[in-house]
2 protein chains.
Amino acid sequence: MRPSITADDSTKRIIRALERAGYQATPNRRLVARLVASTGGHFTAAELLERGRQERVNIGRATIFRALDLLASLRVVERLDLPTGAHAYVLCDPDEHHHHLVCSTCGHSVDVADGELARLVDEIGRRAGYRIDAHRLELFGMCSACASEQAAVPGPGSPA
Amino acid sequence: MRPSITADDSTKRIIRALERAGYQATPNRRLVARLVASTGGHFTAAELLERGRQERVNIGRATIFRALDLLASLRVVERLDLPTGAHAYVLCDPDEHHHHLVCSTCGHSVDVADGELARLVDEIGRRAGYRIDAHRLELFGMCSACASEQAAVPGPGSPA
DNA sequence: CGGCGGGATGATACCAGGTCTCATCCGCCG
DNA sequence: CGGCGGATGAGACCTGGTATCATCCCGCCG
């Protein structure tokens, strides 16, 4: 375990990214940054809104979306399509191209370096005669924490 | 080029899949099958609805969605998340696990065999300590037809 | 200090994709 | 022919997201 990056660090990192790009770090945006940073996994705009309202009555839905958009454009946050078709956002590292591996149980998400994938994608494109501009890989599964928890408290029917 | 599979073949294949799974091949579903098969690329439910209405006045939105759901559950059709965040559907081969490479210009889509990806995904999971249950790879680019068309009629600025 | 301008904000209307309900309908089987 | 379950259409509804618009706030300039 190496939880060297705290939520607080993340909050600051987000705010710095905002400022570096020339955007105002307004109270609302700071709030969103804090909310985003304090989730270990993915979250929806609606969740953010609700949590935001708990600490600060007046924050508009539109503001949340605008902030999220902004953060997404800075690649501090990325939009995810869950297998269910629902949309969620995750905090992530803006510095390198990567993908997400998300736990379907707890929602925790880890960044996955592109690695060999780039090569593979390249080859697929060449074979199909496409010029590939973008790719997206999304991985869903169960993290080790959830797996061991499930092993300890097995749901009905599973230990058959 | 090997356009050995016609829209008609696809229509029949879809209908057969329906029947094999024990669902009625009702007129509406046949219509949807035909509409789906006659698009080379991805399409949205709204498009289908509109095209459907052109040849058969009464088909409900819900019916389209229901048919699409059904086809998706038979894996004859798959739901795609475009880079824009919009949802689309594509006709595809139910028999093997694969991914989609879609042309952002014309919407044409080709199936891509999983190939090495499975191994890669496996390794990622092992390294992260996740049990990976599902993955999704989506590739976006430009097909050779659109590329050559673009080369012939270059847009402003591109031939710089 | 006062005024100004642009960006940020909140409310709200709106839109699209999708789901749910419900009454009707229709085709298939007996 | 009668009944039943599945399919259907209309339309309400929900959710995620966007557009509009008036207001507001802040920094800056005079």
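Chain identifiers are assigned alphabetically (A, B, ...) following the order of the sequence lines, protein sequences preceding nucleic acid strands; residue numbering begins at 1 within each chain.
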Euclidean distance, atom CD of residue A:E50 to atom P of D:dT15 [Å, nearest integer]: 12 Å

Sugar-phosphate only, base, or nothing, as touched by B:A46 at under 4.0 Å among non-hydrogen atoms: sugar-phosphate

Separation of atom CG in A:L49 from atom C1' in D:dT15, rounded to whole Å: 13 Å

OP1 or OP2 of D:dG17 under 4.0 Å from side-chain N/O of A:Y89: yes

Length of the CG-P vector between B:L68 and D:dA7, whole Å: 16 Å

Any A:R79 side-chain N or O less than 4.0 Å from OP1/OP2 of D:dG16: no

Flag side-chain contact, heavy atom, 4.5 Å: B:E47 against B:Y89: no

Atom-pair distance (CD on A:Q24; P on C:dG5), nearest Å: 17 Å

A:L48 CG - D:dG16 P separation (whole Å): 12 Å

Distance test, side-chain N/O of B:H87 to OP1/OP2 of C:dG18, below 4.0 Å: yes

Phosphate OP1/OP2 of D:dT8 contacted by B:N28 side-chain N/O (<4.0 Å): yes

Carboxylate-amine/guanidinium proximity below 4.0 Å for B:R79 and B:D81: no

Flag for A:D114-A:H97: side-chain donor and acceptor within less than 3.5 Å: yes

N/O (side chain, A:T26) to phosphate O (OP1/OP2, C:dT9) under 4.0 Å: yes

D:dT8 phosphate, OP1 or OP2, under 4.0 Å from B:T63 side-chain N/O: no

Donor-acceptor side-chain pairing of B:H99 and B:H135 below 3.5 angstrom: yes

Atom-pair distance (CG on B:N58; P on C:dC25), nearest Å: 12 Å

Lys/Arg N to Asp/Glu carboxylate O, B:E19 vs B:R16, below 4.0 Å: no

Spacing of A:F65 atom CZ relative to C:dG10 atom C1', expressed in whole Å: 14 Å

No-H, no-angle donor-acceptor pair, B:R66 side chain to D:dG9 base, under 3.5 Å: yes

No-H, no-angle donor-acceptor pair, B:R61 side chain to D:dG11 base, under 3.5 Å: no

Nearest-Å distance for atom pair CD1/P, residues A:I64 and C:dA11: 12 Å

Residue met sooner reading DNA chain C from 5', once A:R53 and B:A62 are mapped to nucleotides: A:R53

